[in-house]
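Worth knowing before you read on, the calculation uses all heavy atoms, side chains too, and leaves out hydrogens, waters and symmetry mates. Below, read A as the first sequence line, B as the second, and so on, with proteins coming before strands; counting in each chain starts at 1. Computed from a predicted structure; not experimentally measured.
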Protein chains: 4
Amino acid sequence: MSLGFSISPASDVPIFRQITQQIQRAVATGRLEVGEQLPPVRALAESLVINPNTVARAYQELIRDGVLESRSGRGVFVSKRRQVFANSERIRRLRLATEQLCHEARLLDFTVKEVQALLAETWQALESQAEGSEPPSKKTQK
Amino acid sequence: MSLGFSISPASDVPIFRQITQQIQRAVATGRLEVGEQLPPVRALAESLVINPNTVARAYQELIRDGVLESRSGRGVFVSKRRQVFANSERIRRLRLATEQLCHEARLLDFTVKEVQALLAETWQALESQAEGSEPPSKKTQK
Amino acid sequence: MSLGFSISPASDVPIFRQITQQIQRAVATGRLEVGEQLPPVRALAESLVINPNTVARAYQELIRDGVLESRSGRGVFVSKRRQVFANSERIRRLRLATEQLCHEARLLDFTVKEVQALLAETWQALESQAEGSEPPSKKTQK
Amino acid sequence: MSLGFSISPASDVPIFRQITQQIQRAVATGRLEVGEQLPPVRALAESLVINPNTVARAYQELIRDGVLESRSGRGVFVSKRRQVFANSERIRRLRLATEQLCHEARLLDFTVKEVQALLAETWQALESQAEGSEPPSKKTQK
DNA sequence: GTGGTCTAGACCACG
DNA sequence: GTGGTCTAGACCACG
């Protein structure tokens with residue numbers, strides 16, 4: 001199962017975005033280590049049963065963002081550059097995403113308690129999902 | 001005072017969606033009251049410097065969702081608020097929105113506590129906004 | 001066999017509405033199955049000799065109502081059936097439709113018995129149509 | 001209260017259509033007799049708080065259909081011509097309206113029993129409404 | 001090739 | 001003057 005990537009084709013999140021997110025997450029948690037090589041575009045595309053262009057695009061975007069780097073003729077690797085976002089940028093993005101959730105929830109007539117509960121539950125689910133496919137590491141201890 | 005709608009054409013959020021969000025927001029906070037008339041399609045289009053069709057589409061969508069209603073030949077009005085979605089659908093939509101926040105937050109390496117805190121704060125801010133512009137009523141008591 | 005959609009441009013029912021009705025019908029009777037792909041916007045537009053935007057609008061509306069779903073770059077598909085509307089909203093919509101029939105029938109000087117009889121007969125016809133094109137299943141037993 | 005006409009401005013049925021329907025009904029039930037004069041356009045418009053053009057349009061359409069007739073300079077009267085629809089036309093229209101209700105109801109997941117019940121109830125309501133504003137007549141006995 | 005969004009402009013129904 | 005529908009055509013994102 002190598003990297004444990006998976007995509008849901010019916011989702012409204014574009015496939016290439018699902019891939020970039022999973023790679024980012026794998027790098028962030030150490031499942032993919034600095035300098036490690038990523039699967040060739042065609043191999044990953046085949047194993048996910050998707051178009052190679054889509055994988056290529058995901059890699060491309062992460063190369064642009066400095067998460068990956070391409071060594072010509074040899075493949076794509078996890079880049080040494082790490083800190084992707086400045087702190088202010090992290091907070092700005094979180095704030096935006098939080099506001100969107102609040103708006104939606106209020107339109108749908110939920111209470112803040114209900115949202116908090118679902119958030120905790122959802123986080124928990126993602127957590128255990130991530131742990132399941134990760135090798136033991138400092139990150140998973142927290 | 002006008003309704004203070006504004007759009008940023010460069011955003012990746014479609015213009016018509018920016019409009020529906022602002023109208024929803026205005027209705028939720030009481031800035032637009034039940035029965036109140038919205039600006040004519042052409043007028044709003046002109047003031048936002050966009051095509052009337054785009055405004056019409058935003059209105060149309062909110063009419064379908066029961067937020068607005070069209071009175072033929074006379075204009076578009078805020079309709080009496082009613083629960084349009086089944087509980088299962090409400091939860092489905094909340095779940096989607098929550099997952100998006102969780103994913104984003106985890107990519108940005110926040111803890112669940114940090115997210116919960118920001119959520120509470122954001123909700124609080126929206127709450128007091130809504131109360132501030134509503135006339136005193138039973139609703140604000142609860 | 002194609003889906004046999006057809007529109008009459010002279011009707012007072014808007015074209016996009018004629019399309020949504022026919023798709024709903026096809027889904028309800030099982031002629032279109034869950035997960036099945038709909039004809040591409042451009043193809044359907046061409047075969048009906050109408051503008052692609054009009055087809056797109058019909059698809060769009062059914063996507064919002066949860067009947068169809070769009071998979072980006074790949075097309076539009078019949079989505080898993082789910083109850084989108086709250087009970088109050090379901091009843092509100094049924095009530096509207098019923099009032100329209102009653103008004104029409106009374107203008108035409110029919111008795112309630114006559115209407116009830118025709119209703120039963122019409123329902124029956126739709127029922128057997130739906131069963132006829134469905135694969136045998138628990139549903140058809142009830 | 002003269003003819004007891006009433007319109008609901010928020011309805012999705014156009015106002016002129018609401019008027020034509022009520023006049024047709026009044027003629028059909030004998031509340032308006034052959035040869036009887038209708039209220040002047042301006043008077044009716046004023047009493048319903050609507051635009052005179054709208055009333056004029058309703059009268060116009062009924063004149064075209066032979067229900068009313070205009071005697072120039074003296075006003076608009078209930079015409080002697082009666083039979084508005086051939087029997088085949090009556091049935092065709094009823095069938096259409098019935099099918100529409102059935103489709104809507106089935107999409108909303110109602111059973112035929114539920115629809116029948118609501119139909120009976122709705123009819124009943126219209127009946128007593130009509131009786132309330134009608135003078136006793138053969139029609140109201142049935 | 002697939003749908004999604006937007007503009008420009010026309011025509012219509014309703015009031 | 002109000003919104004509703006439709007066409008024609010462009011450009012974009014995704015695969």
- Starting at CZ of C/Phe77, measure out to CG of C/Leu32 and round the result to the nearest 0.5 Å. 12.0 Å
- Message: Does a side-chain N or O of C/Ser72 approach OP1 or OP2 of E/dT2 to a distance below 4.0 Å, or not?
- Response: no
- Answer with yes or no whether the side chains of A/Arg95 and A/Thr98 bring together a donor and an acceptor at under 3.5 Å. no
- Note on the structure: On DNA chain F, more 5' by nearest nucleotide between A/Thr54 and C/Thr54 is C/Thr54
- Task: Remember a base hit wins even if backbone is also touched, and classify B/Asn53 as base, sugar-phosphate or nothing at under 4.0 Å, heavy atoms.
- Result: base
- Task: Could you tell me whether the phosphate oxygens of E/dG3, OP1 or OP2, come under 4.0 Å of any side-chain nitrogen or oxygen in C/Gln60?
- Result: no
- Between B/Glu61 (CD) and F/dG3 (P), how many Å, whole number? 17 Å
- Message: Given E/dG4, F/dT5, F/dT2, identify the nucleotide with an atom nearest to the side chain of C/Arg57.
- Response: F/dT5
- Query: Which one, F/dG15, E/dT5, E/dG3, comes nearest to the side chain of C/Val41?
  - Reply: E/dG3
- Query: Does B/Pro14 or D/Pro14 map to a spot on DNA chain E nearer the 5' end, using the closest nucleotide for each?
  - Reply: B/Pro14
- Message: For C/Glu69, is there an ion pair with C/Lys80 - N to carboxylate O distance below 4.0 angstrom?
- Response: no
- Message: Less than 4.0 angstrom between a side-chain N/O of C/Arg74 and OP1 or OP2 of E/dG3, yes or no?
- Response: no
- Note on the structure: Checking N1-N3 plus N6-O4 or O6-N4 for Watson-Crick, or N1-O2 and O6-N3 for wobble, each under 3.5 Å, the partner of E/dG9 is F/dC6
- Note on the structure: Residue pair D/Val13/B/Arg17 against DNA chain E: nearer the 5' end by closest nucleotide is B/Arg17
- Query: Could one point to a donor on the side chain of C/Arg42 or the base of E/dG3 with an acceptor on the other under 3.5 Å away?
  - Reply: yes
- Message: Whole angstroms only, please: what is the CD-P distance between B/Glu69 and F/dG4?
- Response: 12 Å
- Item | D/Thr54 and D/Arg57 side chains, donor-acceptor separation under 3.5 Å | no
- Message: I need the CZ-C1' distance between B/Phe16 and E/dG3, as an integer number of Å.
- Response: 13 Å
- Message: Output the rounded distance in Å from CD (B/Glu46) to C1' (E/dT7).
- Response: 15 Å
- Quick one: B/Leu48 CG to E/dT5 P, roughly how many Å, whole number? 18 Å
- Query: Can you tell me how far P of E/dG1 sits from CG of C/Leu44, to the nearest Å?
  - Reply: 18 Å
- Is it true that C/Arg82 and B/Glu89 make a salt bridge, defined as a side-chain N closer than 4.0 Å to a carboxylate O? yes
- Item | Separation of F/dG4 C1' from C/Ile15 CD1 (nearest whole Å) | 13 Å
- Item | Considering all heavy atoms, the nearest C/Gln18-C/Ser11 contact | NE2-CB, 3.6 Å
- Message: Does D/Asn51 reach a base, just sugar-phosphate, or nothing at all? Heavy atoms under 4.0 Å.
- Response: sugar-phosphate
- Give a yes/no on whether any side-chain N or O of B/Ser70 is located under 4.0 angstrom from OP1 or OP2 of F/dG4. yes
- Item | Protein-nucleotide distance (B/Gln37, atom CD; F/dG1, atom P), rounded to Å | 14 Å
- Task: Would you mind classifying the nucleic acid contact of A/Ile50 as base, sugar-phosphate or nothing, using non-hydrogen atoms under 4.0 angstrom?
- Result: nothing
